[in-house]
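Inspection log for the structure reproduced underneath, given as structure tokens.
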Number of protein chains: 2
Amino acid sequence: MRIVVADCTVDYRGRLAAHLPLARRLVIVKADGCVLVHADGGAYKPLNWMTAPNDLVDEGDRWIVTNAKGERLEIRFHEVHLDTSVDLGEDPGLVKDGVELELQRLLAERPGTLEEGLELIRREYPTPIGPVDLLCRDAEGRVVAVEVKRRGEIDGVEQLDRYLSFLRRDERLGEVRGILAAQEIKPQAQVLAADRGIEWRVVDYETLRGIDSDVLRLF
Amino acid sequence: MRIVVADCTVDYRGRLAAHLPLARRLVIVKADGCVLVHADGGAYKPLNWMTAPNDLVDEGDRWIVTNAKGERLEIRFHEVHLDTSVDLGEDPGLVKDGVELELQRLLAERPGTLEEGLELIRREYPTPIGPVDLLCRDAEGRVVAVEVKRRGEIDGVEQLDRYLSFLRRDERLGEVRGILAAQEIKPQAQVLAADRGIEWRVVDYETLRGIDSDVLRLF
DNA sequence: AGTTCCATGTCGCGG
DNA sequence: CCGCGACGTGGAACT
């Protein structure tokens with residue numbers, strides 16, 4: 001990894017055109033070749049960048065980075081204040097925990113928390129356009145497709161609606177209900193869901209996890 | 001901006017839980033307080049981060065960063081290889097050019113480039129599920145909803161379809177046509193648009209901008 | 001290589 | 001401040 005602090009101008013031309021006037025910035029070149037230009041603010045996103053794979057031509061006071069898609073990043077260096085290289089080695093990688101999959105797992109174990117009498121038929125039930133998160137059966141024997149999201153937004157309603165349109169063509173399933181389950185459901189998603197005849201449930205992750213722990217504690 | 005290269009472990013607990021085993025990494029603290037932990041690969045996204053505003057407690061071999069939402073990032077330093085601070089100053093900011101808004105503005109000024117006789121009723125016409133980019137009237141007096149995208153994909157077709165379903169319930173508007181306008185329209189979006197009775201137009205940004213410049217030159 | 005979908009998305013704008 | 005959509009979205013999993 002090469003770490004450079006310099007007064008520079010930057011020009012990008014590719015998916016859009018962008019220009020950065022002369023200012024002091026941090027420029028990083030990672031081992032895989034990707035280039036980042038950071039200012040002293042603005043969260044984790046660089047002002048400009050070029051992802052790997054790419055070609056970097058280092059002309060000293062000017063770097064030209066291009067990629068196969070015809071994008072081009074040009075950095076002109078006016079004054080360099082720091083230029084150092086370090087070998088970081090391979091990163092052992094990130095261990096993540098607690099996203100949508102976890103919510104899906106918890107609901108799969110306790111579908112009854114969504115609705116009295118609801119029972120799981122199977123997780124990741126396949127359709128031609130992708131798997132339905134949970135396929136269940138309600139107390140009256142009707143099939144229920146459940147889409148699980150961390151946050152319920154319009155996209156989630158559309159996704160479930162597409163699944164339903166396929167499930168409803170399968171006569172063996174009979175009538176199919178749709179439920180969008182999320183920790184939070186946006187008002188517009190509620191409006192669209194109502195419009196499409198899709199139900200929605202707000203589920204509490206902490207409560208579910210609590211129930212899960214309690215269940216584990218019994219064994 | 002503080003730039004640190006060190007062997008460290010990192011733990012994040014907040015919207016999810018994540019752990020980074022001991023390895024050499026680049027740690028950056030920006031002037032606004034946001035903290036980034038970068039490995040030597042993986043494009044522009046840090047392995048871990050905490051956006052501003054936050055509180056950083058520097059205990060020397062351990063940093064604890066917390067924010068108002070109860071998220072917490074802890075970095076334990078084992079060996080520090082570089083620790084330097086530089087003042088970058090305020091960044092003059094990015095000059096962008098060529099995004100959707102610009103395309104929308106250009107089309108709003110010259111709706112006739114989409115279709116002979118098309119006239120603008122209003123930009124950002126509100127519906128219960130969001131604003132339609134351009135609401136126009138065609139040569140025969142019919143209302144036309146135009147969705148503008150840089151790249152026309154399935155999402156754009158569905159978005160327009162949702163708007164149309166609401167617009168068509170408003171009897172005052174009468175028959176409503178839908179047009180997806182983009183610099184490029186994916187085959188699958190064309191198929192879906194045809195299926196939904198939605199028209200599409202490929203628009204050339206450079207040409208539009210040229211016309212725009214010509215118009216300006218007349219005055 | 002192309003498509004689909006998630007993301008600690010982030011960012012910017014409008015109400 | 002929230003809601004909502006764009007983003008050079010990026011990235012991963014799967015076909």
Side-chain angles (χ1 to χ4, degrees), chain A residues 12-18 34 37 41-52 67-73 94 96-104 124 126-131 133 147-151 153-156 158-160 162-163 184-192, chain B residues 10-18 34-37 41-52 54 65 67-73 93-94 96-104 123-124 126-133 147-151 153-156 159 162-163 186-189:
Chain A
Y12 164 78
R13 185 135 182 93
R15 279 172 280 186
L16 58 67
C34 66
V37 180
Y44 74 64
K45 197 171 180 173
L47 289 167
N48 253 317
W49 70 93
M50 185 76 86
T51 48
N67 71 7
K69 278 183 283 184
E71 294 171 280
R72 177 193 157 93
L73 184 73
L94 187 66
K96 282 188 183 182
D97 174 34
V99 234
E100 182 194 320
L101 259 172
E102 177 71 0
L103 201 57
Q104 191 196 117
E124 302 285 348
T127 77
I129 50 166
D133 286 341
E147 177 66 26
V148 181
K149 288 268 179 266
R150 194 169 56 79
R151 285 165 49 190
E153 301 184 15
I154 280 181
D155 278 3
E158 295 278 17
Q159 194 178 340
L160 180 51
R162 287 197 295 270
Y163 293 147
E184 174 198 3
I185 308 213
K186 300 269 171 167
Q188 293 206 334
Q190 297 179 15
V191 171
L192 186 65
Chain B
V10 185
D11 283 278
Y12 165 78
R13 185 135 185 91
R15 278 171 280 186
L16 57 66
C34 68
V35 180
L36 320 183
V37 180
Y44 76 63
K45 195 171 181 170
L47 290 167
N48 251 318
W49 70 93
M50 183 76 85
T51 49
N54 61 45
V65 193
N67 71 8
K69 279 182 284 185
E71 294 172 279
R72 178 194 155 94
L73 184 72
L94 187 65
K96 280 189 184 182
D97 176 33
V99 230
E100 183 196 319
L101 255 173
E102 178 70 358
L103 203 56
Q104 193 197 113
R123 277 176 77 174
E124 302 286 350
T127 77
I129 48 165
V132 180
D133 286 342
E147 177 66 28
V148 181
K149 288 268 180 268
R150 193 172 53 79
R151 285 166 49 191
E153 303 185 12
I154 280 181
D155 276 4
Q159 194 178 341
R162 289 196 298 271
Y163 293 148
K186 298 265 172 168
Q188 293 204 337

* Structure fact -> Here the pair of heavy atoms bringing B:C34 nearest to B:A52 is CB-N, 3.5 Å
* **A:Y44 side chain, from C-beta outward: closest of C:dT8, C:dC6, C:dT10** => C:dT10
* Heavy-atom closest contact (A:V148 atom, A:Q104 atom, distance) -> CG1-N, 4.0 Å
* Nearest to the side chain of A:R162, which nucleotide is it out of D:dG11, D:dG8, C:dC5? -> C:dC5
* If you pin A:L73 and B:P131 to their nearest nucleotides in DNA chain D, which one's is more 5'? -> B:P131
* **D:dG11 and C:dC11, which share atom name P, separated by this distance in whole Å** => 15 Å
* Asked: Among C:dC5, D:dG8, D:dC4, which is the nearest nucleotide to the side chain of A:K186?
  -> D:dC4
* Sugar-phosphate only, base, or nothing, as touched by B:E147 at under 4.0 Å among non-hydrogen atoms -> sugar-phosphate
* To do: Round to a whole Å and report the spacing from CD1 of A:I154 to C1' of D:dG3.
  => 11 Å
* Structure fact -> Heavy atoms of B:M50 and B:N67 approach each other most closely as SD-ND2, 3.7 Å
* Asked: To the nearest Å, how far apart are A:N67 CG and D:dG10 C1'?
  -> 14 Å
* Could you check whether A:R72 gets within reach of a base, just the sugar-phosphate, or nothing at all, counting any heavy atom under 4.0 Å? => nothing
* Measure the distance from CG on A:L47 to P on C:dT10 and round it to the nearest whole Å. => 16 Å
* Does A:R150 place a side-chain N or O at less than 4.0 Å from the phosphate oxygens OP1/OP2 of C:dT8? -> no
* To do: In whole angstrom, give me the gap between the C1' atoms of D:dA6 and D:dG10.
  => 14 Å
* **Any donor-acceptor N or O pair under 3.5 Å, side chains A:Y12, A:E71** => yes
* **Of B:K45 and A:A18, the one whose closest DNA chain D nucleotide lies more 5'** => A:A18
* Can you tell me how far C1' in C:dT8 sits from the matching atom in D:dC14, rounded to whole Å? -> 24 Å
* To do: Could you tell me whether the phosphate oxygens of C:dT10, OP1 or OP2, come under 4.0 Å of any side-chain nitrogen or oxygen in B:R15?
  => yes
* Base, sugar-phosphate, or nothing for A:D155, non-hydrogen atoms under 4.0 angstrom? -> nothing
* To do: Assign B:Y12 to base, sugar-phosphate, or nothing according to its heavy-atom contacts below 4.0 angstrom with the strands shown.
  => base
* D:dC2 P sits how many Å from A:Q190 CD, rounded? -> 17 Å
* Asked: Taking atom C1' of D:dA13 as reference, at what distance in whole Å does atom CD of A:E124 sit?
  -> 11 Å
* Return yes if some donor-acceptor pair links the side-chain N/O of A:Y44 with the main-chain N/O of B:T51 below 3.5 Å, else return no. => no
* **Enclosure of B:R123 CZ (heavy-atom neighbours >12, cutoff 6.0 Å)** => yes
* Do we see A:W49 stacking on the base of D:dG8, given a limit of 5.5 Å between centres and 30° between planes? -> yes
* Where the side chain of B:N48 is defined as all heavy atoms beyond and including C-beta, which of D:dG8, C:dC6, C:dT8 is the nearest nucleotide? -> C:dT8
* Sugar-phosphate only, base, or nothing, as touched by A:E71 at under 4.0 Å among non-hydrogen atoms -> base
* To the nearest angstrom, how far is B:K69 atom NZ from C:dT10 atom C1'? -> 11 Å
* Given atom CG of A:D133 and atom P of D:dA13, what is their separation to the nearest angstrom? -> 17 Å
* Asked: For the pair made of CD in B:Q159 and C1' in D:dC4, what is the distance, rounded to whole Å?
  -> 10 Å
* Same-atom distance (P) from C:dC5 to D:dG8, integer angstrom -> 23 Å
